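The model shown is predicted, which means the values in this text are computed figures rather than measured ones. So you know, we letter chains A, B, ... as the sequences are listed, proteins then strands, and number each from 1.
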There are 2 protein chains.
Amino acid sequence: MIAKLDGTKEFNRKLIFAQILNNVAVSRSDIVTNTGLSKAAVSSLVAEMLEQGLVQETGSQSTTIGRPRIMLELQTEARLALGAELTDHECRVILTDLRAAPLKEVTHPIKTTELTVEYLLDFLQACVTEILADVEQQKIIGMGLTIPAVVDPSTSTVLLSVLLPWRDVQLGEELERRFPFPVALFSRGNAATWGERWYGAGQDAYNLLYVRVGNGIVAGLVINGHPYLGQGFGAGELGHITVQPNGALCRCGNRGCLATVATTESLLIRVRRILREYPEDPLWQALNHHLESLTLDAVFQAARGGNVVVQQALDEIAAWLAIALASAVNLLNLDRIIVGGPMMIAGEALLEPLRTHLQQRALPTHLAHIDVVASALKENAPSIGAAGLILHEAMAPDPAALLSSTIRERIALFE
Amino acid sequence: MIAKLDGTKEFNRKLIFAQILNNVAVSRSDIVTNTGLSKAAVSSLVAEMLEQGLVQETGSQSTTIGRPRIMLELQTEARLALGAELTDHECRVILTDLRAAPLKEVTHPIKTTELTVEYLLDFLQACVTEILADVEQQKIIGMGLTIPAVVDPSTSTVLLSVLLPWRDVQLGEELERRFPFPVALFSRGNAATWGERWYGAGQDAYNLLYVRVGNGIVAGLVINGHPYLGQGFGAGELGHITVQPNGALCRCGNRGCLATVATTESLLIRVRRILREYPEDPLWQALNHHLESLTLDAVFQAARGGNVVVQQALDEIAAWLAIALASAVNLLNLDRIIVGGPMMIAGEALLEPLRTHLQQRALPTHLAHIDVVASALKENAPSIGAAGLILHEAMAPDPAALLSSTIRERIALFE
DNA sequence: CCATTTTGTTCACGATAAAAACAAAATGGG
DNA sequence: CCCATTTTGTTTTTATCGTGAACAAAATGG
C-alpha cells in the first residue's frame, strides 16, 4: 500500500499558510500572485484560517489606486511547540511560537549516577510541567525531544548511545503515556542541524553540514533541503573519518580517526606541548607553572587575547578538521558548513585557519559554492531544531516526513 | 510562483502504471489492493492505457473461486528510449524499451584531434540515424546523452570537462535543433550511477555510491533513493579526498589525494615495484624481463591466475580506496557501494581486500548495513542510465525532477 | 459624482475520485 | 443442470474541490 500524495486541498492550504508564515504581512492578492492559485481558493482557505485563529487581518494598506489590500498576519502564538534536550547532565525545555521563536525556557542540571529511562523521563516531565504552568495546554501542537543517541524518529526508538546506557529502547508508548500531546524523538545532532537550517546559520543553504566539535565530533546533514539520516539513522559520523592512515588507535578500532586529533581534549594536549617551547608565554603565569592545571576555559580566554601558542594549537586542529571537511565537500559539493560545539568558543580563531586549510584540501570548483560559518543558535540549536521539526511537519508544504504517520496526523495544524 | 504538486489524476496514473511496469503481470484488482485507489479509478485509468497501447490484456487467470482476473502486461515496446555515451574516443548509442532493456546498440570509435562540439554532435547524429534506421520515430520518447563532464541537466549546460575542451557550453538549443525528440544531457558518472540504481547492482538500495576506478576516480551518489548532484552539480569527487596528509602532490593542488595512489596508473607502478623483489615471478617471463613493457591487460590476466605480486598490489590499492570509501560510509551511512571502471576487471581480487580494509576503517554499526558489490551493467551503465532517466522522468510516480520543465512536458508518457 | 482600478467574495461549472450499485464470469453443492 | 456464492471489473451516482466569471467593495481622481 503506497502512501498517497497529499490531496491538493491540504497542499494548497500549506502553500497559502507558508506565505503568511514566511512574510511579515501579505494580502490575499499577494498570495494569489505568489502561489498561482485562484482568487476563489485563496479566499476560502484564508477564511478558514481566520476562523481557526491562525491568521489575523491587520488593517488595510492602500499604495496606489484601487481597493486597498487587507493585510494578513500570522497569529504567531495561536499554537505553540516544545523543544527539549535531555542529556546525561542537563534537561532543557523551551517553549516556542509558530515561528520557532523561544518564548520561555527551563533548564535544570541533572546529577545522578543511574541514568535510567524512568529517572530521566520523570525529570523531563517535571521540567515540562514547570514550563507549561500558565500556558493553555490545547495550544501545544507537540514536543520534539532530543537525546545524545542514534535514534529512529519514525518509531521513536533509541538505537544506540554513548552517553546514555540505552540501547534498542522503544520510547513511543512511554512518551505517549506521559504527555497529553504528541512527542517525537530525534538525535541531538540531527535536531541541531535542522535548527540551524531553518532558523539559524543555514537558512538559505540547501546542502549543508553542521559539525559539532567538542569532546567528540559529530555532524548532521541537510541534503537537497531535507534532513538526511542515512540507512541506519547514523549519518554524520565525521569524527571517525580517517585523516592519518597510521595514526593513533581510536576507541572505534580504527587508526587515525579525526576524533583522535581534533577534539577539545586534543586541543589541551597540543597547547601543553607547544607551551613547553615558549617558557615566557603569559599562559604560564596563569597556570602557576603547573601544566596539568591548564583548563579549556583558560585556553579559550587566551585565544580571545590572541595568544600565539593557543593560536598555533588551533591551527593544528583546523588543519585536521579541514581534511575531513574537505572530504565532505568534495564528495557532496555542499554549499555551507556550520561549525558549533565547545570548540567554537574560539570563534574566528578556529574558523579562519579552517577556511585557509580548506582552500588547500578541497577542489577549487567546489570551494566556490561554500561558506564556512559559526553556529547561530549555539546551545539552543538542538531544542529549537526539535521544536522546529514538529512545526515543520505540521505546517510546511514539503515536510521531511520523518515521523510515523500516527504522530504526523496528530500534529496536523489544519482540520 | 511555486510549482504546484502533481494533480492527483496524473499521480494516480503513474502509480497504476508503475504497478504494471514493475510486475510481470497484474490484474486490476491487484492494483487496487497495492495502491489503495478505488476500483472505479483503476478501471477507467487502465482503460485509457489500453487505448494508448501502453498496456495489454493477456488472458485470464483463475486461481480460486470467483471471476478470474484479467492479467495486464506492459507493452514493453510501445515506446522506446535512446541512451548515448559520447567521449573523446567513442560514441555509443543504445535503443531501449520501456524497461530500459537494450534492443539495439551502435558503437563507433572516434579518432580526431579537434574535439569540437560541432564535430562530436555530427558524429552522434550519424550514430542515431543509423540505430533508428528501421524504427518508427514517433515511438521515441527521448534521448539521454552523457558526456565525461560536469553538467547541469536542468539547462543542458556543460560546466567543465577534463577530457573534452568544453566549458560553459549551452547545448540545449543545439540538441533541440538536431533531433526531433527531446534530448537531456547528463554527466557520465551520474548517469552510470542511476543506471546501476534502477537496472543494475543497486536496485534495492536506497543510499548508494557508485565509484568508477580507472585512470581517475569518480563517484556518483543516490541519496534517499534519488540522484544527488550537489550544489554545483559536482558531487562525487572521491578521487580528491585526502588519504595521506603529506602525500604526493596531485594535479588539483592538494597533497595525498586518493587519485595519487589508487588509479590504474598507480597499479602498474606498484606491480613494477613489487616485481623487483620477486625475480622468479612468472610475470617476468611474459615481460621478457622488460619492466616498462608491462601492460594493464597483462596485470589483470595475471590477477585472474592468482599471481601473488599483482594480488599484493591490488591489496595496496584496496587499502587506500577503503580509507576514502570509509569516509563516505561513516558520513552517509550508505547501504551499498558499487565498484566499476577499468580497475574492476580485477573483480573479486580487488573487492575482497577492499571489504577487508573497510572492516577496519568504517564504523561497525555502519558496516552492518552495507554491501560492496561489482557493477552489473559494466560499460553500458552510462547509456542505460541516461535512457533510464528519460524513462523515469516520463513514467515514475517519484521522478528525480532533474530536467527542465520544458523537456519534462515533452517526454510525458500520458496525455 | 462617477469612471476606473484593484481587491476580495460568491456562484455556476467541470473535473475527478470514491461509494454503491450493477454486470460478468468463474466455482461448486444440491 | 441450475443456482447461490464469490471475486472481478464496469457503470452510475454523489460529493468535493478548484477555476473562471460575475459580482461587490473600496479606494482614487478628474
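- Using a 4.0 Å heavy-atom distance criterion, B:Ala41 is classed as a sugar-phosphate-only contact.
- The phosphate of D:dG9 has OP1 or OP2 within less than 4.0 Å of a side-chain N or O from B:Ser29.
- Within the structure, every side-chain polar atom (N or O) of B:Lys39 is placed at least 4.0 Å from both OP1 and OP2 of D:dG9.
- Nucleotide D:dA15 forms a Watson-Crick or G-U wobble pair with C:dT16, both donor-acceptor distances falling under 3.5 Å.
- Dashed line: the shortest gap from a side-chain N or O of A:Arg28 to OP1 or OP2 of C:dT9 is under 4.0 Å.
- In this structure, the side chains of B:Leu37 and B:Ile16 come closer than 4.5 Å at one or more pairs of heavy atoms.
- For A:Asp335 (side chain) and A:Tyr206 (main-chain N/O), a donor-acceptor pair under 3.5 Å exists by modelled atom type.
- One interatomic measurement links the two molecules: CG of A:Leu45 to C1' of C:dT10, which rounds to 15 Å at whole-angstrom precision.
- Going from atom CZ of A:Phe414 over to atom P of D:dC17 covers 15 Å, rounded to whole Å.
- Contact annotation: B:Arg69 reaches the phosphate of D:dT8 (side-chain N/O to OP1 or OP2, under 4.0 Å).
- For A:Phe186 and A:Trp194, the gap between ring centers is short of 6.0 Å.
- For B:Ser43, a side-chain nitrogen or oxygen approaches OP1 or OP2 of D:dT10 to under 4.0 Å.
- Taking atom CZ of A:Arg67 as the reference point, atom P of C:dT7 lies 10 Å away to the nearest angstrom.
- Take the nearest nucleotide of DNA chain D for A:Ser44 and for B:Asp30: the residue whose nucleotide is more 5' is B:Asp30.
- Using a 4.0 Å cut-off, no side-chain N or O of A:Asn12 falls inside it from OP1 or OP2 of D:dC17.
- Distance B:Leu15 CG to C:dA17 P: 11 Å, rounded to the nearest Å.
- Tested against B:Ile141, the residues B:Arg79, B:Arg410, B:Glu393 include a single side chain to side chain contact (heavy atoms under 4.5 Å, CB included) partner, B:Arg79.
- Both distances falling under 3.5 Å, in either a Watson-Crick or a G-U wobble arrangement, place C:dG30 opposite D:dC1.
- Residue B:Leu72 contributes atom CG, which lies 11 Å from atom C1' of D:dG9 at whole-angstrom precision.
- The partner of D:dT28 is C:dA3, judged by Watson-Crick or G-U wobble contacts that both fall below 3.5 Å.
- B:Leu37 places its CG atom 11 Å from the P atom of C:dA19, with the value rounded to the nearest Å.
- Between A:Asp134 and A:Lys104, at least one side-chain N (NZ, or NE/NH1/NH2) sits under 4.0 Å from a carboxylate O, which counts as a salt bridge.
- When each of C:dA18, C:dG8, D:dT28 is scored by its nearest atom to the side-chain atoms of A:Ile65, the top-ranked nucleotide is D:dT28.
- In this structure, the CD atom of A:Glu57 is 13 Å from the C1' atom of D:dA25, given to the nearest Å.
- Between the side chain of A:Arg13 and the backbone N or O of A:Pro397, no donor-acceptor pair lies under 3.5 Å.
- Among the nucleotides D:dT19, C:dA26, C:dA17, the one closest to the side chain of B:Pro68 is C:dA26.
- At whole-Å resolution of the value, CD in A:Glu48 and P in D:dG18 are 9 Å apart.
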